[in-house]
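Right, one structure below, let's go through it.
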Amino acid sequence: MFDDPIPQLDTELVDLPSADKLGIEMTSIHKPRILLLYGSTRERSFSRLLVEEAARLLEHFGAEARIFNPSGLPLPDDAPDDHPRVNELRELMLWSEGQVWCSPERHGSMSAVFKAQIDWVPLAMGAVRPTQGKTLAVMQVCGGSQSFNVVNQLRVLGRWMRMFTIPNQSSVPKAYMEFDDNGRMKPSPFYDRVVDVMEELVKFTLLLRDRQDYLVDRYSERKESAEQLMKRVNQRSI
């Protein structure tokens, strides 16, 4: 996606995540697939600029990154499920192994633009759960002083979507001061934190990759499936 340099990054200090370093063997050898969502359609959207910096880092860490542009996505339930933009979003959800969510803080909360994207994604699409078991990193941009309202809300939302939210997070205060005229994030402790978060996300995504199905295998769902199977057997025997 990006082939430009990352001048803010001291590459000699970067630890490139790998299965070997984690001490695991993987049956899947493709790059970690990470979907990035942001919460503003402004021409100069700082949540988008932060996501773009995150995507550059993810690719440097060996992941495949894709960014969803929310412009043109209809309001939830204001269009049919087969709307092209809704289909695009849901297909990316299924494609991803991990995700990055980034929203500006508006009135002390995540933006409506961001929440609308999540509200288009059901917990289940037929027999497939599009977000369950995937890793998640959360970030926010602030117009004023540093706040953690949005990242806290995104953690709740990620938990509701049955995702594994990593411990680290990023909150960038006075975001308009942290990016240059070319839309690149300036070197700072806030940028270093974004590096930390993306490095951690790739590590956790690799760690959980071949274990997700087992980790989210639940007694209640096994019981429900067994009851449905028994019901079908009984119906056929009548």
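Along the sequence shown, residues are numbered consecutively beginning with 1.
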*Before giving the answer on side chain to side chain contact (heavy atoms under 4.5 Å, CB included), spell out for Met161 and Gln99 the whole-Å C-alpha distance, their side-chain angles and the decisive distance to 0.1 Å.*
CA-CA 12 Å; Met161 301 301 286; Gln99 297 184 19; over 6 Å; no
*Test salt bridge (charged side-chain N to carboxylate O under 4.0 Å, His left out) applied to Asp196 - qualifying residues, sequence neighbours left out*: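 Scan of Asp196 (salt bridge (charged side-chain N to carboxylate O under 4.0 Å, His left out), adjacent residues dropped) gives none.
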*asked:* Between Val51 and Leu89, is there shared hydrophobic-cluster membership here, with clusters defined by ILVMFWY side-chain heavy atoms closer than 4.5 Å?
replied: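 Hydrophobic grouping puts Val51 apart from Leu89.
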*asked:* Do Val141 and Val150 sit in one hydrophobic cluster, given that two such residues count as connected whenever their side-chain heavy atoms are within less than 4.5 Å of each other, even indirectly?
replied: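 Val141 does not cluster with Val150.
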*Answer with yes or no whether the side chains of Thr205 and Thr135 bring together a donor and an acceptor at under 3.5 Å.*
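Judged by distance alone, the side chains do pair up.
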*Can Cys142 and Ser171 be said to form a side chain to side chain contact (heavy atoms under 4.5 Å, CB included), step by step?*
CA-CA 7 Å; Cys142 312; Ser171 174; 3.6 Å; yes
Backbone N/O of [Y] and side chain of [X]: donor-acceptor pair under 3.5 Å:
{"X": "Gln140", "Y": "Val151", "value": "yes"}
{"X": "Arg184", "Y": "Ile6", "value": "no"}
{"X": "Lys21", "Y": "Leu16", "value": "yes"}
{"X": "Ser111", "Y": "Gly39", "value": "yes"}

Can [X] and [Y] be counted as an ion pair, charged N to O under 4.0 angstrom?
{"X": "Glu199", "Y": "Lys203", "value": "yes"}
{"X": "Glu178", "Y": "Lys174", "value": "no"}
{"X": "Arg85", "Y": "Glu88", "value": "yes"}

_Rounded at 0.5 Å granularity, tell me how far CD in Glu97 sits from CZ in Arg33._
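That separation rounds to 4.5 Å.
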*Find out whether Val202 and Leu57 are in side-chain contact, i.e. whether some heavy atom of one side chain is under 4.5 Å from a heavy atom of the other.*
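Val202 does not reach Leu57 side chain to side chain.
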*Which residues share a ring pair (Phe, Tyr, Trp, His ring centres under 6.0 Å) with Phe179, sequence neighbours left out*: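 With neighbours one apart ignored, the set is Phe46.
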*Begin from the C-alpha positions of Met185 and Leu49 and carry the test side chain to side chain contact (heavy atoms under 4.5 Å, CB included) through to its verdict.*
CA-CA 8 Å; Met185 194 171 184; Leu49 294 178; over 6 Å; no
